[in-house]
Amino acid sequence: MSRYEINGHLFAAEPKPGQCLRTFLRDLEVFGVKKGCDAGDCGACTVWIDGKPFHSCLVPAFRAEGRKVTTIEGLASSGEMHPVQKAFHDAQAFQCGYCAAGMVMTVASMGANQKADLPHALKGNLCRCTGYRSITDALNGKCNIESDVAGKACGASLPNPFTDDILTGKARYTMDVAMPGMLHLKVLRSPHAHARIVGIDRTAALAVPGVVAVYTWEDVPRRLYSTALHEDHLVDPDDTYMLDNVARFAGQRVAAVVAESEGAAEAGCRAIHVEYEVLPAVFDPVEAMEPGAPLLHDKDVLTKEGNVYCDLKGEIGNIARGFEEAHAIHELTYSTSRVQHVHLETHGSIAWRGEDNRWHVRTSSQGPFAAQKKLCYLMGLKARDLHVFTERVGGGFGGKQEMISEDLVLFAAMKLGRPVKWEWTREDEFLGGTTRHQMTTHVKLGARKDGTLTAMDVRVVSNTGAYGNHGSETLAAAMGSPIAAYRCDNKRGAGYAVYTNMVPGGGFRGYGASQTTFAIECAIDELARLLAIDPMEMRRRNVVRPGDNIESIWQEPSDASFGSYGILECLEIVERELAKGNGVAKPGGDHWAEGTGVALAMLECGPPTEHRSGAEMRLLADGTYHLAVGSSEMGNGITTAHKQMAAAVLGVRATDIAIINADTDRTPYDTGTFASTGTVVAGKAVHIAAEAMRDDILAFASRHTGMDPVQCRLENDAVVCGDKRIPLDALHAAGAKTDHHFAVSRKAYLSPRTIAFNVQGVRLAVHRVTGEIRILHSVHAADIGRPINPMQCRGQLDGAVAMGYGWALTENMVHEAGHMVNPQLRNYRIPAYADTPHTDIFFADTVDSIGPLGAKSQGECGINPVAPAVANALADATGIRFAHLPFTPDRIFAELAEKP
Amino acid sequence: MKPFTYERAGSPAEAAAAAARRPEAKFIAGGTNLLDLMKLQIETPAHLIDVNGLKLDTIEPTQEGGLRIGALVRNTDLAADERVRRDYGVLSRALLAGASGQLRNRATTAGNLLQRTRCPYFYDTNMACNKRRPGSGCSAIGGINRQHAVVGASEACIATHPSDMAVAMRVLDASIETVKPQGATRTISIAELHRLPGDTPNVETVLEAGELITAVTLPRPVGGSQQYRKVRDRASYAFALVSVAAIVQPDGSGRVALGGVAHKPWRLDAADAEMPRGAKAVAGKLFADAKPTEHNAFKLPLAERALASVLADARG
Ligand SMILES: Cc1cc2nc3c(=O)[nH]c(=O)nc-3n(C[C@H](O)[C@H](O)[C@H](O)COP(=O)(O)OP(=O)(O)OC[C@H]3O[C@@H](n4cnc5c(N)ncnc54)[C@H](O)[C@@H]3O)c2cc1C
Ligand code: SF4
Ligand code: FES
Ligand code: FES
């Protein structure tokens with residue numbers, strides 16, 4: 001046995017041949033060591049060996065023998081947090097927290113020189129949530145948190161309740177549990193974009209030592225479903241089998257292997273022999289719409305439209321007349337790229353049978369309740385026999401609004417009677433996860449001399465890939481708010497979501513609206529240029545106002561409604577800040593051209609389809625409260641916000657409210673945390689549950705004391721009835737005697753939906769030689785109502801804007817004939833610290849009359865105006881309209897090279 | 001991962017001899033490239049020889065006034081070395097332009113020289129690749145080859161060498177010291193170390209089976225303004241689309257090597273001779289035999305412009 005010293009403890013253990021230090025440590029249940037890539041790109045696995053930081057995924061385990069290994073669990077000494085942990089605590093330098101362990105280990109090893117050069121020193125650590133601003137704050141010793149004062153919780157920047165666990169490595173993310181007898185599942189993915197499976201020979205796979213079972217399409221329930229999660233499953237097409245005998249994209253699951261170790265499961269996958277009949281494939285949605293194109297689906301879902309899964313058309317006013325009235329017309333085709341969420345924690349779940357004889361699924365999901373319904377349907381279970389829950393979830397961004405790992409583990413666990421775990425690799429994510437829909441958007445806009453829009457005509461072709469999933473809902477969003485954001489009498493739209501042999505699209509922060517916003521916001525600038533009107537003025541003149549019909553291309557009444565209106569203020573803020581400048585000059589030399597651009601985005605807070613949520617509250621015997629909400633927390637900060645909302649109503653501190661969330665056994669139903677509903681739907685449930693709790697306490701206190709209810713009020717940890725003050729624990733005890741439970745439950749439903757806005761301003765420099773873009777000034781203003789937690793709201797916007805820069809500048813899933821060419825974080829480039837500009841974030845001063853406690857949605861739509869603002873700034877700098885994302889140096893450079 | 005056996009070598013000669021005994025053996029230094037490739041089953045050595053304990057991790061002056069860099073010197077330590085920073089600035093800059101700190105802490109001098117290409121098809125075991133599976137074809141030709149070689153490529157392979165450090169070494173005229181399995185030592189110039197792909201892209205260097213790199217030596221410092229410029233898709237880290245290592249003397253003469261354009265760091269005497277005449281003349285020589293593809297033709301003007309910008313900076 002070899003000896004290892006880990007966090008000061010000696011272990012005698014033998015790594016498996018070729019095992020890296022990361023998995024070796026995790027096998028020893030040192031779960032603070034995370035995985036985002038397993039290839040040296042993300043830094044989530046950073047540990048120290050003899051005090052120096054390394055990516056443990058690229059260190060052979062045996063090389064740590066006899067050395068001192070320190071992980072996040074060992075950083076705090078004698079119970080005291082390390083100063084870097086403290087700094088991360090005070091700055092709240094994380095959101096989902098998944099990157100934090102590695103980030104802290106890296107930062108804690110830095111010397112002064114490195115701290116002075118963070119772009120270099122933080123090269124090896126990626127964070128997808130924060131946009132790195134709060135991390136910079138931590139390095140600068142900034143404190144972002146405020147104190148938790150009874151009655152003042154709402155509107156205060158309170159820390160994440162799981163902070164200490166996250167920063168010391170104690171927080172348990174989905175994969176951070178060990179279970180006796182755990183089996184591991186891996187899938188074999190199709191190498192072909194379109195192929196019929198003629199035969200599968202599993203003999204060799206079953207002969208691999210450790211392999212327990214191999215499942216193919218012949219073994220699983222043959223039930224059609226959609227992996228997309230929504231309240232109403234009918235909005236998504238039932239076109240998917242758990243395992244199918246036809247592969248419709250390269251990367252589709254073909255077989256699942258269950259084994260005693262991950263390595264054996266992988267070896268099993270490689271040993272399966274599959275005979276394919278390769279079928280003709282189509283990748284471009286326009287080609288897929290042509291007659292004679294290979295058809296993707298031959299099942300019930302096939303419509304007479306061939307590969308067109310869904311089309312949406314509409315017209316208001318008269319589009320032809322609108323263009324006749326126009327003095328200037330802009331018309332161009334824009335397109336957006338296929339990108340992925342890259343939540344740092346990959347998908348994964350674990351299923352087992354409990355001592356209660358029920359099935360349990362621990363998963364990384366944005367919608368455990370919706371997943372439970374689907375699993376019950378697939379496996380023929382009753383809801384009461386299936387428990388689905390999350391613990392800490394390392395990011396979602398829409399990628400986990402999808403049931404794509406739970407089904408196979410539950411199936412295998414039910415077959416084998418043992419716990420089964422499936423942890424996705426980063427490559428699994430890129431090949432088999434969902435993506436933002438690639439859309440091509442043809443825009444034609446007309447306006448009068450004074451800038452008044454007279455006609456908007458938009459045609460969207462969305463590549464939904466091999467399966468429909470979120471295809472129709474994202475298309476509806478693409479045809480919705482970006483067009484409704486402008487008042488114009490004549491609008492027309494046609495949208496098509498088309499099946500192709502590409503990896504399926506899914507839900508992604510911004511949800512379809514991002515793509516059309518990119519096209520329309522670029523087009524508005526072009527139109528302004530034709531008319532020699534300032535782009536800001538152009539927007540001010542045409543943006544939708546209270547009293548207007550809020551309509552895109554359909555006349556039917558909508559339940560979207562202005563609970564508050566802050567877009568004009570947002571425009572003013574961005575205009576003012578850009579004019580004021582931030583003192584950052586463009587780099588020296590005459591190779592750099594400079595330009596400024598803005599864009600706006602409108603968001604209807606919540607989906608037009610059904611969405612509901614529930615909350616339960618209890619007064620506990622010690623006089624504090626317990627809150628149960630179904631909503632998932634994946635770094636969006638919703639648990640903090642929910643505690644604050646309840647605390648505000650009850651006049652206590654947020655810490656006086658314990659919370660559990662996203663658990664089908666222990667919390668009320670919630671559709672899922674997506675579609676910008678965490679605050680406005682689940683938050684509303686919390687709000688009214690807290691009010692009901694208050695009323696229940698006061699009613700009991702009034703009966704108990706015989707005082708009139710109007711003379712009773714809550715005061716922090718007591719109820720005051722006239723001149724009598726009864727501590728809540730005493731009141732609870734009194735209640736217990738008369739069997740009064742102090743427990744309430746409320747449900748919330750979303751309608752009407754209020755409206756939020758975001759405006760992004762960008763000043764940038766572009767290098768004429770290399771095509772390099774440097775963001776010099778980035779300003780964002782958000783109209784999100786009253787921020788429940790200003791620090792968190794800013795954090796959400798920081799992250800959304802950073803993700804927007806990634807989409808605009810560096811990220812792109814490159815496919816060739818349906819095969820992804822860059823399925824590693826090394827080649828698929830999410831912004832690192834050095835790529836992420838600092839963004840000044842401002843809030844319009846609005847209080848919403850629809851959203852709970854004056855708040856509106858805020859986590860999602862900050863991303864939408866970023867790419868078009870960058871495009872508009874680029875056009876301003878170069879005189880060239882770049883209409884296709886992303887703006888990588890070679891593309892910029894290629895266009896610039898044509899120019900003198 | 002395929003099972004393998006493992007041993008720690010006691011001396012360089014022993015390591016080389018051990019490697020010769022086992023045809024499927026590989027040296028492991030930092031492992032940052034090898035372990036990654038092993039996880040993906042692209043490299044499947046049956047035996048690993050750990051060369052970390054060979055005491056090849058010092059940097060010493062040579063009698064000729066240059067530096068002798070042990071094969072196991074970590075990239076972090078090399079970039080930070082006072083003498084390197086002062087006399088061989090291009091090397092220090094190239095190293096820092098490379099991977100992250102956590103990786104540079106492990107990555108070694110020899111491992112960096114011998115790291116494998118980043119051609120995406122090389123990493124995708126579903127795809128044909130002559131480098132990974134000789135004779136299977138090259139998916140990059142006719143595929144997505146924006147990052148690939150524009151010069152010196154063959155019908156069999158158009159991959160580039162990914163190292164930043166090697167480009168600087170090339171412009172510095174470094175030489176590689178090795179020991180062969182029978183114990184003989186030899187010195188190979190960096191110009192000769194890496195091969196062009198030809199018909200056998202799987203053979204990347206002139207090293208023989210089991211031949212171990214023990215050191216890299218740099219000749220006496222040549223002074224001049226030493227620049228390294230890397231053009232890539234994002235600021236933080238990414239392999240180069242094009243990189244330029246240049247040493248420019250006050251009289252305008254100098255030398256230049258390019259990264260990201262060929263199967264090896266790309267430098268030509270004829271091009272060096274054009275240095276006083278500027279970027280266009282130099283690029284003309286460097287790319288005289290260029291055969292870009294539709295997707296990577298942008299590298300030619302990009303390299304020329306990057307060079308022009310480096311020359312302008314060097315002149316101050
Ligand atoms: C995420 C990531 C980003 C990166 N970015 C960059 C970048 O921007 N620029 C850049 O230049 N590099 C980059 N790299 C590559 C990195 O520099 C190399 O992985 C590293 O230099 C390899 O060194 P090593 O010691 O770890 O080699 P190992 O992985 O140990 O070995 C590599 C090869 O060299 C052989 N070998 C090692 N030592 C000897 C010896 N003494 N004699 C003979 N053969 C030997 C091994 O057998 C193996 O085939 C990146 C790597 C990663 C993972
Ligand atoms: S370029 Fe070389 S490495 Fe890439 S696929 Fe072709 S043969 Fe393989
Ligand atoms: S898991 Fe090791 S660097 Fe990403
Ligand atoms: S907090 Fe950094 S990845 Fe989520």
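Letters A, B, ... are given to chains in the order of the sequence lines, protein chains preceding strands, and every chain is numbered from 1.
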May I ask you to check whether H47(B) and F4(B) place their ring centres under 6.0 Å from each other?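 When the ring centroids of F4(B) and H47(B) are compared, they turn out to be at least 6.0 Å apart.
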Per-residue contact mode, [X] against chain B (heavy atom under 4.5 angstrom):
{"X": "Q114(A)", "result": "neither"}
{"X": "R63(A)", "result": "side chain"}
{"X": "H819(A)", "result": "side chain"}

Is the Y121(B) ring parallel, tilted or perpendicular to the H148(B) ring (thresholds 30°, 60°)?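 Answer is tilted, since the angle falls between 30° and 60°.
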Identify which part of [X] has an atom lying under 4.5 Å from any heavy atom of chain A, answering side chain, backbone, both or neither.
{"X": "N296(B)", "value": "neither"}
{"X": "N33(B)", "value": "neither"}
{"X": "R104(B)", "value": "side chain"}

Is a side-chain donor or acceptor of T71(A) paired with a backbone partner of V47(A) at a separation under 3.5 angstrom?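 No, T71(A) side chain to V47(A) backbone: no donor-acceptor pair under 3.5 Å.
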Minimum heavy-atom distance between T160(B) and A149(B), given as atom pair plus value: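 Minimum heavy-atom separation between T160(B) and A149(B): CG2-N, 3.4 Å.
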Rounded to the nearest 0.5 Å, what separation is found between the CZ atom of R86(B) and the CG atom of D81(B)?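 If I round to the nearest 0.5 Å, the distance is 9.0 Å.
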With respect to chain A, which residue among D124(B), I28(B), T76(B), N52(B) yields the maximal number of heavy-atom pairs within a distance under 4.5 Å?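 Counting heavy-atom pairs under 4.5 Å, the top option is N52(B).
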Under a 3.5 Å threshold, yes or no: a donor from one side chain and an acceptor from the other, between Y6(B) and D50(B)?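 There is such a pair between these side chains.
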Using distance alone, with no hydrogens and no angle criterion, decide if S309(B) and R229(B) have a side-chain donor and acceptor under 3.5 Å apart.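 Result is yes, a qualifying pair exists.
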Among the options C57(A), A250(A), G43(A), pick out the one with the most heavy-atom pairs lying under 4.5 Å from chain B.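 Maximum pair count with chain B is reached by C57(A).
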Considering only heavy atoms and a distance below 4.5 Å, find which of T46(A), T836(A), N822(A) pairs most often with chain B.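 With the most close heavy-atom pairs to chain B, the winner is T46(A).
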